[in-house]
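Heads up: the structure comes next, in structure tokens.
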There are 2 protein chains.
Amino acid sequence: MSTSLPVICVPRLDLEAPDVAEAVAIGALVADGTRASILRMLRDGPHCVCELAAALGERENNVSNHLAKLRDAGLVRASRHEANARFLYYERDEAVVGRARAAVEEILR
Amino acid sequence: MSTSLPVICVPRLDLEAPDVAEAVAIGALVADGTRASILRMLRDGPHCVCELAAALGERENNVSNHLAKLRDAGLVRASRHEANARFLYYERDEAVVGRARAAVEEILR
DNA sequence: TGAATATCTCAACCAACGCTGAGATGTTCA
DNA sequence: TGAACATCTCAGCGTTGGTTGAGATATTCA
């Protein structure tokens, strides 16, 4: 009954593409050295833009740009220093960071 | 004694930039949907290029390009199928993948 | 109030990267 | 051996993304 058609790529057709959107988004954020360093430094507590910029040897507006991306992703949030409101202090949102870590671990576990 | 020079950005000067090179490299690899999907699919066992390409709806040479990057990073390795050597089967190097996961966790922990 | 500081926003430039197409290599099978 | 298949490599193209520079906003302090 079965005609002998040239069979192309027989193996495992039940394979389906996983949902990796979240891991990809996190990967793109970590893929930059400045952002990865910021995420790591904020692990130990809040820091202002000028601190981060000084430690990284980067310009402050550049660091600010990267912080905006992390903020848009919800990974960090900013609040003004209580004593000196001129400084914006950034801190991680550990709940969001935790979900980000889980998304990457789903790929690399 | 101390002259009152305009002090710029007083906070935390003891802050130092962390080493994030490995995490950045992994992030760049995961930052692409095709590669992230491949890494996730290979978690369940080896697959050939045509399987991965079919599941992802991507062209085989494109998938091959991405596999080359994962191979260069040491995350995956290839070997020919014992029964039909026409197929190249890719599998993860779990030791390398484990170190990659640790590097990302150092950032997001 | 005005000057200095801290930060943000955005447009422009340039480099990195993914996709495509074409050709080459290696394997199977008639 | 030759045709079909599986995969690789690479140059070219278009898009994405980071850095820079300039200007705007907010805060402090003399």
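Chain A is the first sequence line, chain B the second, and so forth, proteins listed ahead of strands; every chain is numbered from 1.
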[X] [atom1] to [N] [atom2], straight-line distance once rounded to whole Å:
X       : N      : atom1 : atom2 : result
A:Glu51 : C:dT7  : CD    : C1'   : 14 Å
B:Arg35 : C:dC19 : CZ    : C1'   : 12 Å
B:Glu60 : D:dT9  : CD    : C1'   : 15 Å
A:Phe87 : D:dT27 : CZ    : P     : 14 Å
A:Arg59 : C:dT9  : CZ    : P     : 18 Å
A:Asn62 : D:dG21 : CG    : C1'   : 12 Å
A:Leu52 : C:dA6  : CG    : P     : 14 Å
A:Lys69 : D:dG17 : NZ    : P     : 7 Å

_Selection: residues 79-86 of chain B, any non-hydrogen atom under 4.0 Å of DNA chain D_ = B:Arg86
*If you check the B:Asn61 side chain, which of C:dT20, C:dT7, D:dT19 turns out closest?*
C:dT20
*From the list C:dG18, C:dC8, D:dT19, which nucleotide is the closest neighbour of the side chain of B:His66?*
C:dG18
_Does D:dT7 have OP1 or OP2 under 4.0 Å away from a side-chain N or O of B:Ser64?_
no
*asked:* Is B:Tyr90 close enough to D:dC8 that one of its side-chain N or O atoms is under 4.0 Å from OP1 or OP2 there?
replied: yes
*Between B:Ala68 and A:Glu58, which is nearer to the 5' end of DNA chain D once each is assigned its nearest nucleotide?*
B:Ala68
_Reported CZ-to-CG distance for the pair A:Arg101 and A:Leu39, which is rounded to 0.5 angstrom_ = 12.0 Å
*Atom pair CZ (A:Arg43) and CZ (A:Arg92), whose distance is rounded to the nearest 0.5 Å*: 7.0 Å
*asked:* Can you tell me how the ring of A:His81 sits relative to the ring of A:Tyr89, calling it parallel under 30°, perpendicular over 60° and tilted otherwise?
replied: tilted
*Mark yes or no for whether A:Arg35, through its side chain, and A:Leu29, through its backbone, hold a donor-acceptor pair below 3.5 Å.*
yes
_Any donor-acceptor N/O pair, A:Ser37 side chain to A:Gly33 backbone, under 3.5 Å_ = yes
_Taking the basic N atoms (NZ, or NE/NH1/NH2) and the acidic carboxylate oxygens, is any pair closer than 4.0 Å for B:Glu22 and B:Arg99?_
no
*Among B:Leu88, B:Asp72, B:Ile38, B:Asn62, find the residue that satisfies the side chain to side chain contact (heavy atoms under 4.5 Å, CB included) test when tested with B:Leu67.*
B:Ile38
*Taking for each residue the nucleotide of DNA chain C with the nearest heavy atom, is it B:Thr34 or A:Asn65 whose nucleotide lies nearer the 5' end?*
A:Asn65
